[in-house]
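Protein chains get the first letters and strands the later ones, always in sequence-line order, with residue 1 at the start of each.
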Amino acid sequence: MSDYGDSDYEEMSMGGDEGGYSDDEGFAYSDQEEGVASPVAKSSKKTFIVLDSEELRERLKAAVVQVVDLLCISDAEATRALRFYKWDLTKLQEDWFTDPDAVRQKVGLLDEQPSTRRKEETCKICFESYPVADMASARCKHYYCKDCWSGYVQTAIDSGPSCLDLRCPDPECKAAVPRTVIMAVADAAHKKRYEEFAVRSFVDDQRQLSWCPAPDCQHAVVSLSDRLGVAQDIFCRCGNAFCFNCKEEAHRPVDCETVRKWMIKNSAESENLNWILANTKPCPKCTRPIEKNQGCMHMTCSQCRHEFCWLCQGPWAEHGERTGGFYNCNRFKKAVEKGEVDEQEQKRQHARQSLERYMHYWQRWAENDSSRKKALQQVDKFRGEQQEVLSERTATPTSQLKFIVDAWMQVVHCRRILKWTYATAYYTFEETSGATKEYRERMAQHQEFFEFNQGQAEHYLEKLHHKVEKDLSRFLKAKPQPGAEGDGAGGSGEAGPSGSGDAGPSGSRDQQAAWNTFREQLIGLTDVTRIHFEKLVNEFEKGLDEALKEYDAPMEDEDPGASAAAEAAAAAEAAAAAAAAAKGKAAAAPSRRVTRSSKRRQSSQDDPETTALEEETGFWQCRHCTYANDLGDKVCSVCEQPRDATGGR
Amino acid sequence: MSRTPTAVAQRRIQSELRDWLQHPPDGCRLVQYDDLHTWIIELQGPESPCQPQLYTGETFRLRILFSERYPLEPPEVTFVPPSPVHPHIYSNGHICLDILYDGHNGGWSPALTINKVALSLRSMLASNTDPRRPPGDADYCARMRGRSPKETR
Ligand SMILES: [Zn+2]
Ligand SMILES: [Zn+2]
Ligand SMILES: [Zn+2]
Ligand SMILES: [Zn+2]
Ligand SMILES: [Zn+2]
Ligand SMILES: [Zn+2]
Ligand SMILES: [Zn+2]
């Protein structure tokens, strides 16, 4: 196990929880989010806080106490004033110190004496007389008996959240009914509802607070972002990931408007007339509508068996290698150039192209979405029963299996990011007829750059997904290790042979070694995948123009001395690029970019030559972030992880 | 909704009745109250400060129905047709006046009395110069046949 420790890892994967609510507001608050928080948020600053009902109430109380202290008014008055000012402390304070009486008038915080000094008053609701001591007022001169107050207050609470703004029953009187009166006259059930309305208003009235939209979740979220009104990913403790701004599923780095457009398009496109227009053509001989469903232009009519070319609609007999093969038609091209193709046909071609373009992005979007959902189910399954099984089979306490959940959560998170990059690419790289040549060239450059990075990120994600899914199942099937806790007879009986003939002490040693390697690789791969996605997201949010500029800038400005790293890692780079290209994702980027990016890209994970390279190139590559550090440095200058060549963390 | 008012409500209605009989509001006459659950009030068309004098010389009848939870809930107040021609009064007698309704946009308060309601209605008539029904009067009356005006809220 070397120095692999829970606490260490915990810190790594959950990070960002140390910050409480900003200190100047005086809220002492400590957050304990579980490991489901964004795996990507690791090193970045905390941007939101999740609150459960209890924490929410405490926060509300703290806000009231602060106003009590600042304005020297009662608890009940502070509550009303805050509610009136939609919990905007700054505005309330400003107005109060300008003209406290005006604020008192507006909010209804009166301080009148009873009109008479009599011992008895007539209740203006039941018209009966009571000793003043048995009556109450909203600090105005209108006294009502306790029974009438409780009827009045409870009726108001029954009619909804407007009870928070309840005023004295006298129609001419603006006095706010203080919380103290409400608490004194309402029954327990109504008091509870009143408090719930108060908490609701506390969240609903403040722009920086929001409820988690998951159906059964009671948690609220405080956004610490200084840019409200734009997309912000939130990871609730219940496991739900949503956008603070539009309440849709989390969709960083894509903006809310693109998500909205995309979702609308998805629901409309299936019944789109475009599809019919693009995919059927009347047979030139018998006019039966023929559907095109493959890439080949060679069509055969299902009715009259006439063979024709989809593009020029000429007989197929006149086609062949000369005319451009099965997927193209030179005759059609020439006809277009000469202006011989009718408008209808051009429209059809255009519709088909844009539909194909949409399908290309949609398929990738949908694939990643379903992978994400399956991965989520896997996490549940792992947390459910698999964890126990694996713990037994690998002689590892469940507390030290958290890295598997983290890997799964990383997969879930990255699938979501990847999915949204496809939606956004659809809009970003839309064909722009009529655009200038320079513009089109720049867009082509953007697209190439974007797809290259997307391909890189996807490449690692596929590896990670494969490892946590396929490789893990090997250990789940393995025989329990001798001496493992809870090594029950049932467990060993059920286990099938793992295929490597691993009976005996040497077998179990092999198994242990394999397990250790698996763990190290999975942790490393989780980190590397996270880094690649962070980069993708950052570039996207920065704007591709900006990101490209930085990329092409001279190397010295960022990492002096690291250029040696470039060549060393170029081999790994080329392999990664080739893998991406092979998947049809992106061709290798221009050489300068490849070189440039290589020093950041990982290779050490499964690259046995790293040590030799280190000597040769004079740097060591960080296992966590892949940065190329000087051999003199003990700690990575990017992620501050120790060099620790043994792989222990 | 018009179940018998509770004991508290009965006491309050009794008190209001006593007050009314001692100091009846101007231009108003209580013509039926033997059943404490329903009152009928006769309203003299007010002398108006403005021209034209729309309601002068006319008499209207108001029906007050006390709810079980009166005065926490407002009474049901309608004109017995023929109702005054007014942009806030439907021909079936339903009245569009916020103090007659509770809830979200309602202005009813348990500190209001029938006395004050009657006065509000007279001043509503006195200030009107537009002899018209509310828009959609016929539709509304067809839809609300036999129902309480509170159901529109
Ligand atoms: Zn009373
Ligand atoms: Zn008052
Ligand atoms: Zn939640
Ligand atoms: Zn959004
Ligand atoms: Zn045919
Ligand atoms: Zn052709
Ligand atoms: Zn590092």
Side-chain angles (χ1 to χ4, degrees), chain A residues 108 110 112 114-115 120-130 134-138 140-177 181-182 185-187 190 193 197 200-201 204, chain B residues 1 3 5-23 25 33 36 39 64 66-77 97-124 150-153:
Chain A
L110 308 188
E112 291 171 351
S115 53
E120 289 216 329
E121 277 281 349
T122 304
C123 169
K124 297 289 185 318
I125 292 178
C126 64
F127 291 4
E128 311 270 333
S129 283
Y130 292 93
D134 290 346
M135 302 176 87
S137 86
C140 58
K141 52 183 184 264
H142 307 106
Y143 278 74
Y144 307 95
C145 75
K146 291 252 167 70
D147 283 351
C148 288
W149 263 122
S150 88
Y152 180 65
V153 162
Q154 290 179 177
T155 304
I157 293 172
D158 287 340
S159 75
S162 56
C163 65
L164 297 174
D165 305 315
L166 194 63
R167 306 248 180 187
C168 166
D170 188 287
E172 307 298 319
C173 179
K174 293 275 171 271
V177 179
V181 170
I182 294 189
V185 301
D187 62 29
H190 282 89
R193 280 196 76 196
F197 284 135
R200 289 238 141 237
S201 130
D204 292 343
Chain B
M1 75 120 235
R3 270 175 292 162
T6 58
V8 178
Q10 301 260 13
R11 274 211 305 280
R12 151 96 184 218
I13 297 165
Q14 289 279 9
S15 310
E16 279 198 58
L17 179 61
R18 224 172 20 245
D19 271 7
W20 179 293
L21 294 175
Q22 276 165 19
H23 315 282
Y33 58 86
L36 274 180
W39 288 9
I64 316 285
F66 294 101
S67 73
E68 187 192 4
R69 298 191 64 227
Y70 184 80
L72 293 174
E73 272 176 16
E76 185 184 309
V77 181
L97 179 65
D98 69 333
I99 59 163
L100 300 181
Y101 305 96
D102 57 1
H104 186 47
N105 287 317
W108 172 254
S109 157
L112 284 167
T113 56
I114 300 304
N115 188 319
K116 284 176 187 149
V117 168
L119 285 175
S120 297
L121 284 170
R122 270 198 101 219
S123 80
M124 184 172 134
K150 288 183 182 179
E151 287 175 44
T152 55
R153 291 287 162 148

Review item, side-chain donor-acceptor pairs of residues 115-124 of chain B, under 3.5 Å, at least two apart:
from: Ser120(B); atom 1: OG; to: Lys116(B); atom 2: O; distance (Å): 2.9
from: Arg122(B); atom 1: NE; to: Gln44(B); atom 2: O; distance (Å): 3.1
from: Arg122(B); atom 1: NH1; to: Asp26(B); atom 2: O; distance (Å): 3.1
from: Arg122(B); atom 1: NH2; to: Gln44(B); atom 2: O; distance (Å): 3.4
from: Ser123(B); atom 1: OG; to: Ser120(B); atom 2: O; distance (Å): 3.1

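The part of Glu128(A) that comes within reach of chain B is its side chain, from C-beta onward, which places non-hydrogen atoms under 4.5 angstrom from that chain. When heavy atoms are compared at a cutoff of 4.5 Å, Pro71(B) approaches chain A solely by way of its side chain, counted from C-beta outward.
Atoms OG and NZ, from Ser109(B) and Lys124(A) in turn, are 12.0 Å apart once rounded to the nearest 0.5 Å.
The side-chain hydrogen bond (donor to acceptor under 3.5 Å, both in side chains) search around Gln14(B) returns none, not counting sequence neighbours.
Listed options Asp170(A), Ile125(A), Asp158(A) were ranked by heavy-atom pairs under 4.5 angstrom with chain B; first place goes to Ile125(A).
With contacts defined as side-chain heavy-atom distances shorter than 4.5 Å, the pair Thr155(A)/Arg69(B) qualifies. In this structure, Phe127(A) and Glu16(B) have side chains that are in contact, with non-hydrogen atoms separated by less than 4.5 Å. Side chains of Leu112(B) and Pro171(A) form a contact here, defined as non-hydrogen atoms less than 4.5 Å apart.
Listed for the Arg11(B) side chain is no donor-acceptor partner under 3.5 Å among the backbone atoms of Cys126(A).
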